[in-house]
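Reviewing the structure listed below.
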Number of protein chains: 2
Amino acid sequence: MTDHEPLELERFLPYRLSILSNRVSQAIAREYQERFDLSMTEWRVIAVLARFDGEGLSAREVAERTEMDKVAVSRALARLVTAKRVVRRTHDGDKRRSVLLLSAKGWKIHDTVAPLAREYERALLARLDEEERRTLERVLDKLAPV
Amino acid sequence: MTDHEPLELERFLPYRLSILSNRVSQAIAREYQERFDLSMTEWRVIAVLARFDGEGLSAREVAERTEMDKVAVSRALARLVTAKRVVRRTHDGDKRRSVLLLSAKGWKIHDTVAPLAREYERALLARLDEEERRTLERVLDKLAPV
DNA sequence: TAAGATTAGTTTCATATGAAACTACAAGCA
DNA sequence: TGCTTGTAGTTTCATATGAAACTAATCTTA
């Protein structure tokens with residue numbers, strides 16, 4: 001029989017990252033999905049608009065900062081604007097650009113979901129000791145620029 | 001102005017995992033997608049069938065070992081069987097169950113893609129020092145049971 | 001052993017996704 | 001100014017996905 005050197009999927013880093021990432025994301029997403037009928041894309045848009053509050057980001061800037069596809073952002077924004085969670089104006093000097101801001105409704109969602117998310121992250125990290133957390137941080141930074 | 005405690009998305013562990021995982025998976029997937037018209041799901045099925053060679057896994061077992069949806073596996077198998085990359089028989093004692101084996105074609109793909117995948121992983125891990133690799137290993141195990 | 005409960009696998013249906021085409025506007029330049 | 005090129009954002013289209021319904025076979029138990 002030939003030597004096929006099978007890949008051990010469950011030890012393979014990209015695979016493990018994929019499984020872990022899906023589980024972790026799903027765990028939080030389920031929560032806000034149910035409570036607010038909010039997709040992950042929409043939540044990320046809200047998070048970024050909250051973070052850069054007052055700057056009136058454009059859709060393109062939101063896409064950059066969320067690392068999401070501009071189509072995905074466009075669709076998420078369409079829903080968020082319809083639900084009056086985000087206010088969309090047009091940029092003064094450039095009529096192509098939109099100017100995006102969270103509405104009171106949007107802020108309310110943010111202020112509910114953000115603590116949930118942080119708490120979930122805290123619980124995850126609590127499984128690690130101080131040194132592991134520091135190293136994880138470093139490792140993620142080193143691996144990031146794929 | 002109220003204190004909204006915005007979430008720093010780019011420091012948020014679930015988000016970072018998601019971005020990293022997508023990039024890493026995409027990087028390898030692009031390669032076998034182009035060369036073999038093989039989806040990630042299909043590749044995972046092949047990897048598992050190679051790994052448990054000779055055991056004649058059923059579709060359900062493949063789904064378990066890849067942690068994928070049974071629908072996804074069913075569809076991946078349909079394509080793989082059509083392309084004659086996988087041979088599907090029926091289980092002797094249980095006519096519901098399928099018995100799945102890689103064909104010569106399937107093995108050929110495996111034997112090309114597996115080294116590519118391993119090399120990619122190696123290159124990724126080469127960015128880390130020995131201690132970081134050990135810790136990453138441990139951390140992934142600790143975080144896994146979400 | 002016949003009826004109901006389970007299991008393996010597929011199909012359907014509704015939604016998610018991304019690439020490419022498109023629309024509207026802006027900028028560069030002859 | 002008019003023409004070309006570039007950019008912001010949306011729409012279209014083809015494919016991917018997952019939940020739930022479905023089919024066929026097996027198991028359970030009265």
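To find a chain, count down the sequence lines: A is the first, B the second, and so on, and within it residues start at 1.
Rounded to an integer number of Å, the gap from CZ of R60(A) to P of dG6(D) is 16 Å. We find that CD of E64(A) is positioned 12 Å from C1' of dA8(D), with the value rounded to whole Å. Between the NZ atom of K95(B) and the C1' atom of dT26(D) there is a distance of 11 Å, rounded to whole Å.
E130(B) CD: more than 12 foreign heavy atoms inside a 6.0 Å radius. Within a 6.0 Å sphere centred on CG of D141(B), other residues, nucleotides and ligands contribute more than 12 heavy atoms.
Both V73(B) and D94(A) sit near DNA chain C, but only V73(B) has its closest nucleotide nearer the 5' end. Along DNA chain C, the nucleotide closest to V99(B) and the one closest to R75(A) are compared, and the more 5′ of them pairs with V99(B).
If you chain together hydrophobic residues whose side chains sit under 4.5 Å apart, L9(A) and Y120(B) fall into the same group.
Interface remark: the R96(A) side chain does form a donor-acceptor pair with the dT7(D) base, using a distance-only criterion of under 3.5 Å.
Put simply, S58(A) has no side-chain N or O that comes within less than 4.0 Å of OP1 or OP2 on dA8(D).
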Item to check | Step-by-step side chain to side chain contact (heavy atoms under 4.5 Å, CB included) determination, R118(B) to E5(A) | outcome: CA-CA 10 Å; R118(B) 258 194 295 269; E5(A) 283 279 354; 3.4 Å; yes
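Note on S39(A): nothing from the nucleic acid sits closer than 4.0 angstrom, heavy atoms only.
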Donor-acceptor list for residues 80-87 of chain A side chains, cut-off 3.5 Å, not counting sequence neighbours:
from: T82(A); atom 1: OG1; to: A78(A); atom 2: O; distance (Å): 2.8
from: R85(A); atom 1: NH1; to: F36(A); atom 2: O; distance (Å): 3.2
from: R85(A); atom 1: NH2; to: F36(A); atom 2: O; distance (Å): 2.9

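Using bins of under 30°, 30° to 60° and over 60° for the plane-to-plane angle, the ring pair W43(A)/H110(A) lands in the parallel bin.
Once you apply a 4.0 Å limit to the heavy atoms of chain A, the touched nucleotides of DNA chain C run 5' to 3' over dT17(C) to dA26(C).
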